[in-house]
J.: 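The following block contains the structure, expressed as structure tokens.
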Amino acid sequence: MGPLTPLRGDTGGQVMLAVVLLVAIAVPVLNLAVPDGNPWHVSTYTVTLLGKYLSYALLAVTVDLVWGYLGILSLGHGAFFALGGYAMGMYLMRQIGDRGVYGDPVLPDFMVFLNWKELPWFWHGFDMFWLAALMVVLLPGLLAFVFGWLAFRSRVTGVYLSIITQALTYALMLAFFRNEMGFGGNNGLTDFKDILGFNLQADSTRVALFLASALALAVGYIACRWIVTSRLGRVAVAIRDAEARTRFIGYRVDRVKLAIWTFSAMLAGVAGALYVPQVGIINPGEFAPLNSIELVVWVAVGGRATLYGAVVGAVLVNYGKTYFTGAFPEAWLFALGGLFVLVTLLLPRGIAGLFRLRLRRRTEAPAVREARA
Amino acid sequence: MSPASQSARDLMRRDRAFDFSSQQRAWLQFKESMRRDRQFDFMVNVKDLELDISHGPILYIEDLNVSFDGFKAIDHLNFYVDAGELRCVIGPNGAGKTTMMDIITGKTRPDSGSVYFGQKIDLLRLSEPEIAEIGIGRKFQKPTVFEHHTVFENLELAMAGDKRVFPTLFARLSGEQRERIDEVLGIIGLGEQAQREAGALSHGQKQWLEIGMLLMQNPLLLLVDEPVAGMTHQEMDRTAELLLSLQGKHSVVVVEHDMDFVRSIARRVTVLHQGTVLAEGSMEQVQNDPRVVEVYLGE
Ligand SMILES: Nc1ncnc2c1ncn2[C@@H]1O[C@H](COP(=O)(O)OP(=O)(O)O)[C@@H](O)[C@H]1O
Ligand SMILES: [Mg+2]
């Protein structure tokens, strides 16, 4: 089995990854090799914007994994994304060293401002990239594991589950707003200088982060495809469609859910960690319940239970958001709500549903011919 | 952890969140389980359980009671099934037939009584998946196949084997397993439909697929609830053939309303009424029993 085996039969995914690959090659060249002023030049702003979209796309894939294939409508995936983001943010804060406004060699500015004398225990070790990278997946994974363990074994499902995922992210938002928590309160973590010794403002660093996002999306996508095409993936869909029945034929439904849910959260953490150095800030606003709801809209627009649809939805909706918030800032929420209603009514299978219909027609034809013969 | 709190956890695990009446029931059962004479062992390892059918019966139900909000759905029920037997259970609507199956399979907990698989395995101590694992398969009244999976995949998912998370993630179909699936496809007559989505099957075909899913688990005891409801005559005949082909290799309990169908397959019939056994014997004996006649005519 090769690394691309999970893509077999996934035309949409193949096309999507080919486009990502193309963009990942073209954009760095057009940014670094084509001089400013040339009409083909891609600005660093655009590179970073695209990198942000790619990290959102990965996040959307993680939501589709649990919603589309496991039937868990998570309205709290933003929390896992934000936790991964905070873990990365803590590393970036420690990287600042004595270059902060207050010049303290160890303490980040906000701690000096709060008159703290030493680093809280949970900030230790975050000056090491490997540890921070580990925490990027471990923290969201641990939260998801504990949450899922409690929720799934007591068989909380459906709307109730969605509501408590929403409560989870809301509670975290309130907690992170508090200065005493030690994560910079409502200002969050910002003023980052460099990552692994590379200046975050440099074009080349921006391009590298963009490429890392594209790579993470491709690897994450293939990993999710690998899960959904395995027998475990078929069990997940069985749980989505008939949970009691699946339990009855001998699968530990709570453990299947827990495993996929936790994996999804860890991958969402990776997306958050890629997002933070590109946008240059992480604050409690990322835990806002509305963010998690938006994620679900991306997936619905792109087409649930296709994985590549989530990527398409995330990119298109966010492109729309960038455009709208520039042109008519007040209208964005209405546009988002309207989009969700429209998609639900007119395109229940999202954008991917349009392609699927065509594909099916094409593949069905020979079978019909065979049946006649 | 004390055995008592372990058993309490065990009971709590079975019931659903937000279902207060069943939580109440769990509490009553918890109190019941605190009685010294009825404490459970620390852990049950399903693999260590050995089926003992040396005395003949594969299923023993004794003095079983269950009530729902005061209504006695099962009332001092005694019921035995021999190994390899094909048994029909009939009875008017609400007689408690489905409830009896719910108890055997661990879906409903009784108020009192005992349910044994063979002489040694106490089913009341096991959870639903554990009961499925030791070899009791069930077909539900309403056919529930996995609509978005193909017929083949439905059988694959139901196949006996290691169903833990990681083995399932890495599972590959062996040639032997593929053959077994093909064999069952043959038994249930859905070979041609193997690659169709189960949601696209006719009602009768879904029922057969469900029986096929049961067979994939190599069950020792099959519980089949109303298999021919809504079937055409042709489909009924096909189903009778299918069930008859199973006896000997499996013990089968069929719950059915349709008398013609029961007549066409049954050796022994049990009549259930108001949660208890009204009569038992050959179809002929049962049909001539005045109490049975009364119940059926009075319906
Ligand atoms: N979970 C339940 N809660 C309350 N009443 C129930 C429940 N399950 C079954 N009953 C009642 O128990 C009686 C027996 O039902 P059932 O076993 O389904 O009968 P049958 O399958 O023989 O038609 C019926 O009166 C039914 O309404
Ligand atoms: Mg019934």
Side-chain angles (χ1 to χ4, degrees), chain A residues 1 5-6 68-69 71 148-161 163-164 223-224 226-263 304-305 360 363-364 367 370-371, chain B residues 9 12-19 23 46 105-107 127-140 142-150 152-173 192 195-196 198-199 210 213-214 216-217 219:
Chain A
M1 200 185 92
T5 315
Y69 293 86
W149 191 73
L150 291 171
F152 302 147
R153 72 196 278 280
S154 49
R155 300 193 187 171
V156 183
T157 55
V159 179
Y160 296 106
L161 185 59
I163 290 172
I164 55 174
C224 290
W226 181 66
I227 291 174
V228 303
T229 54
S230 74
R231 188 180 297 163
L232 189 70
R234 291 192 283 283
V235 173
V237 171
I239 291 173
R240 179 194 74 186
D241 294 343
E243 177 167 336
R245 184 80 175 96
T246 314
R247 183 173 298 117
F248 195 76
I249 56 177
Y251 292 97
R252 266 52 171 191
V253 166
D254 53 341
R255 297 196 195 163
V256 174
K257 284 184 177 177
L258 190 58
I260 297 179
W261 169 258
T262 304
F263 174 77
R304 185 185 165 199
R360 182 157 298 182
T363 50
E364 236 163 32
E370 235 168 72
Chain B
R9 242 176 32 136
M12 301 307 264
R13 195 183 56 192
R14 282 175 226 282
D15 72 59
R16 271 151 246 259
F18 304 108
D19 182 349
Q23 279 189 353
V46 173
T105 55
K107 193 170 170 219
S127 67
E128 274 182 83
E130 284 165 347
I131 291 172
E133 202 174 315
I134 58 168
I136 298 184
R138 174 182 191 180
K139 200 197 81 60
F140 287 87
K142 217 173 69 196
T144 38
V145 296
F146 301 120
E147 307 251 326
H148 290 99
H149 288 302
T150 64
F152 188 94
E153 287 170 339
N154 268 273
L155 295 178
E156 180 205 7
L157 289 179
M159 186 167 52
D162 194 338
K163 291 185 172 165
R164 288 171 305 164
V165 171
F166 285 95
T168 307
L169 181 60
F170 294 103
R172 289 268 165 283
L173 265 188
E192 307 264 292
Q195 296 307 325
R196 275 182 80 190
E210 229 194 83
M213 290 169 74
L214 270 182
M216 289 308 298
Q217 299 174 63

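What you are looking at is a predicted structure, and each value in this text was computed from that prediction instead of being measured.
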J.: Under 4.5 Å heavy-atom distance to chain A, tell me which part of B/Leu173 shows up: side chain, backbone, both or neither.
T.: both
J.: Listed by chain and number, what are the ring pair (Phe, Tyr, Trp, His ring centres under 6.0 Å) partners of A/Phe248, not counting sequence neighbours?
T.: B/Phe140
J.: Against chain A, label B/Met216 side chain, backbone, both or neither, depending on which of its atoms sit under 4.5 Å from a heavy atom there.
T.: neither
J.: May I ask you to list the residues in residues 160-168 of chain B that approach chain A closer than 4.5 angstrom, counting heavy atoms only, ordered by number?
T.: B/Lys163, B/Val165, B/Thr168
J.: With sequence neighbours left out, what residues match A/Arg304 under salt bridge (Lys or Arg N to Asp or Glu O under 4.0 Å)?
T.: none
J.: Out of curiosity, A/Arg252 CZ to B/Ser127 OG, how far, rounded to the nearest 0.5 Å?
T.: 6.0 Å
J.: Is it true that a side-chain atom of A/Arg231 and a backbone atom of B/Ala171 form a donor plus acceptor pair closer than 3.5 Å?
T.: no
J.: Are B/Lys107 and A/Arg247 close enough, and set up right, to give a side-chain contact (heavy atoms from CB on, under 4.5 Å), and what steps lead you there?
T.: CA-CA 11 Å; B/Lys107 193 170 170 219; A/Arg247 183 173 298 117; over 6 Å; no
J.: Mind checking which of residues 152-159 of chain B sit less than 4.5 Å from chain A, heavy atom to heavy atom?
T.: B/Glu153, B/Glu156, B/Leu157, B/Ala158, B/Met159
J.: Which region of A/Ala259, side chain (C-beta onward) or backbone (N, CA, C, O), has a non-hydrogen atom less than 4.5 Å from a non-hydrogen atom of chain B, or is it both or neither?
T.: side chain
J.: Locate the shortest heavy-atom distance separating A/Arg234 from B/His149; write the atom from each residue and the value.
T.: O-NE2, 2.9 Å
